[in-house]
Amino acid sequence: MMPIVPFVSPPESGERTTWEEILPAALSGIVQVKPFDQLSQDERRAAKVAIVANPNPADVAALPGLVWVQSLWAGVERLAANLPKDGPLIVRLTDPRMAETMSEAVLAWTLYLHRDMPRYMAQQRARVWREHDLTGPEERTVGILGLGKLGSASAQRLAANGFNVLGWSRSEKTLDGIQCHHGPDGLRAVLKQSDINVLLMPLTDETRGLIGARELSACKEGAALINFARGPILDETALLSALDDGPLSHAVLDVFNEEPLPASHPFWQHEGITVLPHVSAPTTRATAAKLVAENIARYFAEGIIPPAVDRRRGY
């Protein structure tokens, strides 16, 4: 009899139905995938592995025998924060296409800001025909804040397109062709020099609220910001002040403290903000399902668990 692997996802999740179709097909002949709310008590107790998509941590905790959890998301901050430190290992989705997808998005929205698209869109609404001087990419400095796989790929892609790129990370790193900074002093140095700052760091205890009023006030006059990391890294109130009173000119936001972004939120109507519905690097479901199947098959055949999240660091 094949092992049962619970699939844990909120009932109201828009993705749940799609994954409930894809996962059983991908794992056919390896395990039986069964939604959490359809498990018997014996099945809950017997589960060694669970597949999760933004789950309620209490549901994961209700599987007492879990050895490890396979997340369908790259971000696992909520699970890492709410599960016991000695609880099941947490394995993030490491889609090999994720870095390529994210670096494409960083380039696209950097170009959006670089080519003055927000200004031209405002002119269109006002029916104003006015050309502005073009700045070359070599004259534009872009700061990449966070130099993990996504940040490193994005920095190199921007550099390949002619931009002057600076990198920042909490601890010291090196990246070919990129001037790298680290630590609190390095963060302020990058913010002060960059025309566009791109947030790509993970959400941890150390990065929560990292970009606040003090950091935003250190930015260049007229600088722009892109947040493709996590909403709580950026202080929303401080961002609005920096847009209304300076120094920021525009912000492209793909992540928020609350998602979906409430209809009453001031970001929707702010002329200095472009709102995106968390689309910078979406999961490619077919690729993800294949990776999950390979990880789970290897575990049941050989007992091998993929590299897990460092619970101390949070990623």
Side-chain angles (χ1 to χ4, degrees), residues 1-98 101 202-203 230 259-260 278 281-315:
M1 183 170 153
M2 286 190 296
I4 291 176
V5 169
F7 173 55
V8 189
S9 185
E12 67 277 8
S13 170
E15 292 188 301
R16 174 170 167 164
T17 301
T18 303
W19 283 117
E20 285 180 351
E21 295 173 356
I22 292 175
L23 291 171
L27 287 150
S28 177
I30 303 170
V31 297
Q32 179 185 351
V33 179
K34 195 168 182 180
F36 171 80
D37 49 15
Q38 296 178 18
L39 296 171
S40 68
Q41 287 300 321
D42 286 344
E43 289 170 337
R44 291 186 182 190
R45 284 191 290 268
K48 300 297 182 186
V49 184
I51 303 170
V52 304
N54 193 31
N56 181 341
D59 290 342
V60 179
L63 302 168
L66 280 185
V67 176
W68 63 285
V69 172
Q70 172 69 69
S71 175
L72 294 175
W73 288 20
V76 293
E77 300 88 1
R78 187 181 178 206
L79 268 182
N82 287 281
L83 290 182
K85 294 288 192 255
D86 60 352
L89 298 175
I90 302 171
V91 176
R92 297 191 304 166
L93 181 68
T94 53
D95 187 335
R97 295 187 58 183
M98 186 71 72
T101 304
L203 177 61
R230 286 292 181 267
E259 296 181 13
H278 207 137
T283 299
T284 304
R285 291 188 179 92
T287 305
K290 182 179 178 182
L291 287 169
V292 169
E294 290 173 353
N295 287 344
I296 291 177
R298 190 177 301 114
Y299 171 71
F300 281 107
E302 305 171 39
I304 297 173
I305 300 172
V309 169
D310 183 333
R311 298 296 294 279
R312 180 180 57 82
R313 298 173 70 186
Y315 63 95

What is the distance from atom CD1 of Ile51 to atom CG of Leu93, rounded to the nearest 0.5 Å?
11.0 Å
Between NZ on residue Lys290 and CD1 on residue Ile22, distance to nearest 0.5 Å
14.5 Å
If every non-hydrogen atom of Ala62 is compared with every non-hydrogen atom of Arg44, which pair is closest and at what distance?
O-CB, 4.0 Å
If we only count heavy atoms from C-beta on, is the Pro24 to Phe7 side-chain gap below 4.5 Å?
no
Rounded to the nearest 0.5 Å, what's the gap from CZ on Phe36 to CG on Asp59? Could you check?
4.0 Å
Hey, are the side chains of Val91 and Tyr299 touching, using non-hydrogen atoms and a 4.5 Å cut-off?
no
Pro64 side chain reached by Arg45 side chain, heavy atoms, under 4.5 Å
yes
Rounded to the nearest 0.5 Å, how far does CD1 of Ile296 lie from CZ of Phe300?
7.0 Å
Arg97 atom CZ, over 12 foreign heavy atoms within 6.0 Å
no
CG of Asn56 to CG of Leu79, rounded to nearest 0.5 Å, is 9.5 Å
So, applying side chain to side chain contact (heavy atoms under 4.5 Å, CB included) with Leu72, which one of Asn54, Leu23, Val52 is it?
Leu23
For Arg92 and Gln70 the tightest heavy-atom approach is O-NE2, 3.8 Å
First locate atom CZ of Arg285, then atom OG1 of Thr287, and finally report the distance between them rounded to the nearest 0.5 Å.
11.5 Å
Report the residues that fulfil salt bridge (charged side-chain N to carboxylate O under 4.0 Å, His left out) with Glu294, sequence neighbours left out, ordered by chain and then residue number.
none
Distance-only, no hydrogens or angles: does the Glu43 side chain make a donor-acceptor pair with backbone N or O of Ser40 under 3.5 Å?
yes
Grab the two heavy atoms, one from Val5 and one from Ala50, that are nearest each other, plus how far apart they are.
CG1-CA, 4.1 Å
